[in-house]
Amino acid sequence: MEKYIFFGLSGLAIFAAIMVLVSRKPIHSLLYLILCFFAIAGHYLMLNAQFLAVVHIIVYAGAIMVLFLFTLMLLNLNINAELTKSRIAQIVAVTSGGLLLLTLVAVLRGFGTEAQLQSTSQIGIARNIGQVLFSQYMFPFEAASLLFLTAMVGAVMMVKSEKEK
Amino acid sequence: MRRAQIFLSFLILTKKKNMNEVVNSLKLMPINYYIAFCSILFVIGVIGVLIKRNAIVIFMSIELMLNSINLLLAAFSVYHNNPAGQILVIFIMVVAAAEVAAGLAILVATFRNTHSIDVNLLNQLKG
Amino acid sequence: MKTFVALVPFLPLISFLIIGLSFKRLPKIITSLLACGTVLVSFILSIVLFFFIKEGHAPIKVNLFDWLPVYNSTIGFSFVVDQLSSLMLLVVTGVGFLIHVYSVSYMHDDEGYNRFFAYMNLFVFSMLVLVLGSNYLMMFIGWEGVGLCSYLLIGFWFKNQDYNNAAKKAFVMNRIGDLGFLLGMFAIYIVFKTFDFDEIFGRAAGIKIGTPIITLITLLLFVGAIGKSAQIPLFTWLPDAMAGPTPVSALIHAATMVTAGVYMVARSHALYIIAPLTLNIIAIVGIATALLAATIAMYQNDIKKVLAYSTISQLGYMFVGLGMGAFTGAMFHLTTHAFFKALLFLAAGSVIHALGGEQDIRKMGGLKKALPVTWIVFLMGTIAISGIPPFSGFFSKDEILLYAFEKNKVIWALGVLGSMMTAFYMFRLFYLTFSGSFRGTSEQQHHLHESPKIMTIPLIILAILSVVGGLINIPAIFGGTSSLQSFLAPIFTVAHKEVVKEVISHATELILMLVAVIGAIAAIAFAWYKFVKTHVVPEPDEVKRPVLSNLLYRKYYIDEIYQTIIEKPVLCMSSLFHKLDVLIIDRMVNGFGTVTVWMGCKARLMQTGNLGFYLVAMVVSIIAFLVFGLMI
């Protein structure tokens, strides 16, 4: 049964990703991306990474995509994305992408064909994650907060208009 | 999709199990499937970065790439029963969020100059 | 005693350093006192050493320091004072001192005064190292040093390009000779494994006469002597070297440097004795040079050039002496020649000084009244060089001719002919300069004056030495004791053993002397007749001469021949190499830079500024890394 769920979610995610590329308007790409994120959240749940699934939805679909949406709407960028690159560039892009896929598959072939485990791993539930995060990985946690501070300051500085001094 | 969920919830109700047990009865897929799936998503992201001229869509493709990696990391973490993978996923999400903020700020600043989000117009470093 | 030996060369060296390093800041008084004083002190020390050696002590060896470690022995920086080198010491320091005093006044108005004395002292130092050296390497140091100093001093008035060319010519010809000397030294080391004189000459006694390797060594050393002492074919630098100031000509080209070759052969006589072929070659080269130079000198019109050719001729005589086995005779002639040739050059300098720089004898004449002292000393020198008894030149030349008569009558005859020509051209010079009436400009006539005392006193001293110098070696037939011969006997014992001595009876000797003297007097009479009685004056340059006299006047066109045979091919080759260098090598070297710039131009095109292109490049590179990572 898990196979069906897996392939279903994967097919959904890939379909959404291709639609991101193929859409004409950027707003459509954005919405398809959100769909993709939900499919990936489903994958997380299949792995019993409950905390990650929820955080994934909140952060990505809830915050980052909203940010994109704001930028699109406020700057009125929802123009018809007729801009395409030259034919050569498209061919090169797809070719290099295909090569990359081949390489990745070739590299990671034959990795770990051990027996299928029961999905009884408890490391994904919030309590265990919390215990590990706040004991072993305390310093990166605090550093991450500093990173956010820097990013905020940077973003504000970047868009500050130079005329207003 | 909706029908499957209705069917599933009906099954659950009839079998009188809770969510946890449902989830716990699921077996894991072999890791190869996850690797293949994530690679495909990653490559789609790469193609998107190379093909598109709209800066916003390029950013979104980058987010797609990051997500594929997140999923793969979480899968490996479960397979090796090591929580470090999932912790790293959290931090990647942190970094991705910060990066999006900064990237969009740059985009807005560039938009002020060129009044367009076409990346082909950013060629002043030529030569 | 050993410190005296070390002091003798190093005092002039110290004075050179002091004068040389203080540029022009020393006042002239200090310079002249320092320069002349150090040479004087060296001279006094040489006298002390001379008497020390004369008493019969063993030669003094001084090893200053061990210089070059070679295999399991060392070549030392060492001096030796024996009879031969003490004689040379006296000549070098004595004549050198007189010339220094003379040039205090002669160079007084020159702006390079300090530089002149610095170079002169350096020259004296080099010459002393040459004669004092106790191994071939030390001799070579002095050899090179005097070559260098002759270059510096000939080109003293460096603002004139012709003088610089003359200096270069002298140096280059010396260098050619030095190559032979070096090769000879290498051959000596290969055969004897040492450079030390005593060891070499000790071992040489046991070698068979006529060994080819020894003949080669002696020939090569003689090539060095050819260059230094201006024999055929390397003599053309000496007449051109008259471009230097007259005291330089006196010191270097009359008294000391050109005699280095003679000294070297005399010192190596032990090697030359066992190579009779080389001795024959030396004699032939010597007599050829003597005659050639004498014939050229008969037609020259510049005072100093006549004296230069005369020097070459007399050096030829010295080599004849060496070739005939008359080592003592050659050293004797060296000593007397130093006296009268230095005297003649300094007197010529006095004449030039009086005439304000005029050197052409066709514009002189009648200077007897105006320059009495110069006149008398010049006369003394001329008589000495012509070989009239009892002046010194007679005794020395006669001893050489005696040995020549014993060995080879042809060379003797040619030698007598040469001495007749010597007498002729010297008296021609004398008469044209001093007799008759003055042929120069009236302005010069007004300025005619005798030279100051500082210049005339050395002249007088040298004149006295020229007159009485013969006393040091009066042969037995005149009742003398041949003191020089007995003095140098311990050096030349080996030589004197080989030479068959005294097969000539006293009667024959007297007849030979008479022949030579009568020949000389006849030549003098002819010169008197031509230049005093009939007042013949040589033609100016523009007049066309008959073929033979033109040939002689133009010095047999030897310079021109050298230019065509040697200079032109070398210049061709050098321009060829220059083209090679510019076209090929420079292009190659510049090509590196050009290629780099070109590559940079091509690489610049990668920076399109296009973001998409950069992204593609990045992806492609990552793929490449992965692929190559897999392959390896």
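Computed from a prediction, not measured in an experiment: that's the story for all the values here. Letters A, B, ... are given to chains in the order of the sequence lines, protein chains preceding strands, and every chain is numbered from 1. Basis for what follows: all heavy atoms, side chains included, without hydrogens, waters or symmetry-related copies.
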Per-residue contact mode, A/F70 against chain B (heavy atom under 4.5 angstrom): neither
Aromatic ring proximity, centroids under 6.0 angstrom, A/F6 and B/Y34: yes
Rounded distance (nearest 0.5 Å) linking atom OH of A/Y44 with atom CG of B/L71: 5.5 Å
CA sep, side-chain torsions, deciding dist, call: B/I44, A/I14, side-chain contact (heavy atoms from CB on, under 4.5 Å): CA-CA 8 Å; B/I44 292 178; A/I14 290 178; 4.1 Å; yes
Student check: side-chain heavy atoms of A/V132 and B/I87 closer than 4.5 Å: yes
Beyond-backbone contact of B/I40 with A/S10, side-chain heavy atoms, under 4.5 angstrom: no
Smallest separation among heavy atoms of B/A102 and A/M158, with atom names: O-CE, 4.4 Å
Top contributor to chain B contacts, counting heavy-atom pairs under 4.5 Å, from A/V20, A/V94, A/L52: A/L52
Heavy-atom closest contact (A/A93 atom, B/L50 atom, distance): CB-CB, 3.4 Å
Winner by heavy-atom pair count (cut-off under 4.5 Å) against chain B, out of A/L101, A/V92, A/L104: A/L101
Non-hydrogen atoms of A/P26 and B/V57 that approach each other most closely: CB-CG2, 4.3 Å
Gap separating the OG atom of B/S77 from the CD1 atom of A/I129, nearest 0.5 angstrom: 7.0 Å
Nearest-0.5 Å distance that lies between atom CD1 in A/I40 and atom CG in B/L64: 6.5 Å
Portion of B/A36 that has a non-hydrogen atom of chain A nearer than 4.5 angstrom: neither
Worked verdict on B/F111 versus A/T71 for side-chain contact (heavy atoms from CB on, under 4.5 Å): CA-CA 11 Å; B/F111 178 76; A/T71 314; over 6 Å; no
Pairing residues for A/R87 by the side-chain hydrogen bond (donor to acceptor under 3.5 Å, both in side chains) criterion, not counting sequence neighbours: A/Q90
Straight-line distance of B/E63 CD to A/C36 SG, nearest 0.5 Å: 11.5 Å
Between CG on residue A/L72 and CG on residue B/N54, distance to nearest 0.5 Å: 7.5 Å
Contacting moiety of B/N70, where chain A heavy atoms sit under 4.5 Å: both
Toward chain B, the part of A/A63 with a non-hydrogen atom under 4.5 Å: neither
Side chain / backbone / both / neither for A/L67 at chain B, heavy atoms under 4.5 Å: both
Distance (rounded to the nearest 0.5 Å) between A/L33 CG and B/M60 CE: 6.0 Å
Residue-level contacts of residues 141-148 of chain A with chain B, using a heavy-atom cutoff under 4.5 Å: A/F141, A/A144, A/L147, A/F148
Region of B/V46 that comes under 4.5 Å of a non-hydrogen atom in chain A: side chain
Closest approach of A/V55 to B/M93 (non-hydrogen atoms, all atoms of both residues): CG1-SD, 3.7 Å
Shortest non-hydrogen separation from A/A151 to B/A98 and the atoms involved: CB-CB, 3.6 Å
Nearest non-hydrogen partners of A/I123 and B/Q86, listed with the distance: O-OE1, 3.5 Å
Structural part of A/L30 lying under 4.5 Å from a heavy atom of chain B: both
Heavy-atom contact with chain B under 4.5 Å, split by part of A/A17: both
Residues A/L133, B/F91; criterion side-chain contact (heavy atoms from CB on, under 4.5 Å); working and verdict: CA-CA 11 Å; A/L133 182 62; B/F91 287 120; 4.0 Å; yes
Side chain, backbone, both or neither of B/L41 within contact of chain A (heavy atoms, under 4.5 Å): side chain
Toward chain A, the part of B/L104 with a non-hydrogen atom under 4.5 Å: side chain
Side chain / backbone / both / neither for A/Y4 at chain B, heavy atoms under 4.5 Å: neither
